[in-house]
Trainee: 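Shown below is the structure under consideration.
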Amino acid sequence: MIERLLPARLHRALMPLAERARDRWWRWRGKPIEGVSVVITDRAGNILLVRHSYGHDVWSLPGGGLKSGEDPTKAAQREALEEVGIELDGVVAIGPLQETLRGLPHTLHLFSATCDAQPIPDQREIIEARFFARDALPERLGLRAKRRIAAWQAHQRATTGS
């Protein structure tokens, strides 16, 4: 990718500008957008959360936008690999969530996966990534991440009967 040609520090510095430009493009187009998010747990059940470089200073789940024509499961695997260096096998679809993102309708495809690997943040988009115990999630957990984790937990209860 072209962004890999830029030094990581410059790439991080340009991320806020790129995000604002993308937001304006999406609003100008006015079309609904789609994305993916993955609840990745380790074998102990701890949840992987990430912090982005572009200034929100909140913890969120790994994920991102769907490329044109891309399969949501493949997008979830791609995002996990790009953002935290984790190759996911056995990705489970939780289902689509309807959200509003940047003032536009957003279909979020939510997935779950378990892994043994330690995350390695890309130091471009993601500056920190680590596992948190379910009962000790960080105070600065983003609202969308809270909603997505709640949907994942509800799915777990429904499928396990507990």
Side-chain angles (χ1 to χ4, degrees), residues 1-4 11 15 18-43 45-54 56 58-132 134 137 141-160:
M1 290 200 233
I2 188 111
E3 65 265 12
R4 297 292 180 190
H11 187 249
M15 285 298 292
E19 183 166 289
R20 284 192 298 272
R22 182 185 62 191
D23 289 352
R24 285 190 177 100
W25 170 252
W26 283 348
R27 282 193 211 104
W28 179 79
R29 284 184 45 212
K31 293 183 179 180
I33 51 180
E34 285 188 87
V36 297
S37 193
V38 190
V39 179
I40 301 172
T41 56
D42 62 13
R43 299 287 176 208
N46 300 313
I47 299 172
L48 178 64
L49 297 174
V50 299
R51 276 192 330 110
H52 289 87
S53 63
Y54 37 91
H56 299 302
V58 296
W59 290 93
S60 59
L61 294 167
L66 222 59
K67 294 179 180 180
S68 180
E70 186 176 25
D71 174 72
T73 301
K74 297 290 184 201
Q77 292 170 318
R78 175 183 52 77
E79 287 290 342
L81 186 59
E82 286 177 1
E83 292 185 352
V84 292
I86 295 176
E87 288 192 46
L88 295 178
D89 293 321
V91 176
V92 176
I94 304 297
L97 303 176
Q98 298 305 314
E99 303 175 329
T100 300
L101 182 63
R102 296 170 178 92
L104 293 169
H106 179 245
T107 299
L108 184 281
H109 300 275
L110 185 62
F111 294 89
S112 68
T114 303
C115 76
D116 289 327
Q118 285 300 311
I120 301 170
D122 69 1
Q123 295 303 317
R124 292 170 180 276
E125 183 179 359
I126 305 299
I127 55 173
E128 189 174 4
R130 61 185 171 122
F131 286 97
F132 290 87
R134 292 181 196 201
L137 296 176
L141 183 62
L143 183 57
R144 280 191 289 275
K146 287 178 186 178
R147 289 180 185 146
R148 294 168 185 179
I149 291 170
W152 167 74
Q153 289 172 324
H155 180 265
Q156 280 195 312
R157 285 191 298 274
T159 58
T160 62

Trainee: Taking atom CH2 of Trp152 and atom CG of Leu61, what is their separation to the nearest 0.5 Å?
Mentor: 9.5 Å

Trainee: Any side-chain heavy atom of Leu49 sitting closer than 4.5 Å to one from Ile149?
Mentor: yes

Trainee: May I ask you to say whether Arg78 pairs ionically with Glu70, meaning some side-chain N is under 4.0 Å from a carboxylate O?
Mentor: yes

Trainee: How about Val39 and Ile94: do any of their side-chain heavy atoms sit closer than 4.5 Å?
Mentor: no

Trainee: Does Gln98 CD have over 12 foreign heavy atoms under 6.0 Å away?
Mentor: yes

Trainee: At what distance, to the nearest 0.5 angstrom, does CD of Gln77 lie from CG of Asp71?
Mentor: 8.5 Å

Trainee: Tell me, with the steps shown, if Leu48 and Phe131 meet side chain to side chain contact (heavy atoms under 4.5 Å, CB included).
Mentor: CA-CA 4 Å; Leu48 178 64; Phe131 286 97; 3.6 Å; yes

Trainee: From Ile40 CD1 over to Asn46 CG, what is the distance, rounded to the nearest 0.5 angstrom?
Mentor: 13.0 Å

Trainee: Identify the heavy atoms of Pro96 and Thr107 that sit nearest to each other, and give their distance.
Mentor: CB-CG2, 4.0 Å

Trainee: Does some side-chain heavy atom of Arg51 sit less than 4.5 Å from a side-chain heavy atom of Val58?
Mentor: no

Trainee: What distance separates Leu108 CG from Ser37 OG, expressed to the nearest 0.5 Å?
Mentor: 5.5 Å

Trainee: Heavy atoms only: give me the nearest Leu88-Cys115 pair and the separation to one decimal.
Mentor: CD2-CB, 4.4 Å

Trainee: How about Glu82 and Glu125: do any of their side-chain heavy atoms sit closer than 4.5 Å?
Mentor: no

Trainee: Are the side chain of Ser53 and the backbone N or O of Ile127 linked by a donor-acceptor pair below 3.5 Å?
Mentor: no

Trainee: Do Ser112 and Thr41 come close enough that some side-chain heavy atom pair is under 4.5 Å?
Mentor: no

Trainee: Say you draw a straight line from CD of Glu83 to CD1 of Ile120; how long is it, rounded to the nearest 0.5 Å?
Mentor: 14.0 Å

Trainee: Any side-chain heavy-atom pair from His52 and Ser60 closer than 4.5 angstrom?
Mentor: yes

Trainee: Walk me through whether His109 and Leu66 qualify under side chain to side chain contact (heavy atoms under 4.5 Å, CB included).
Mentor: CA-CA 9 Å; His109 300 275; Leu66 222 59; 4.2 Å; yes

Trainee: Test your reading of the model: is there a side-chain donor-acceptor pair from Arg134 to the backbone of Gly45, 3.5 Å cut-off?
Mentor: yes

Trainee: Looking at Arg148, Arg144, Arg147, which one forms a side-chain hydrogen bond (donor to acceptor under 3.5 Å, both in side chains) with Glu99?
Mentor: Arg148

Trainee: If every non-hydrogen atom of Ala76 is compared with every non-hydrogen atom of Phe111, which pair is closest and at what distance?
Mentor: CB-CD1, 3.7 Å

Trainee: Does the side chain of Phe132 reach to within under 4.5 Å of the side chain of Leu141, using non-hydrogen atoms?
Mentor: no

Trainee: To check you understand the geometry: which heavy-atom pair defines the closest contact between Ala129 and Pro119, and what is its length?
Mentor: O-CG, 3.7 Å

Trainee: Considering non-hydrogen atoms only, spot the tightest contact between Val36 and Pro72 and give its length.
Mentor: CG1-O, 3.5 Å

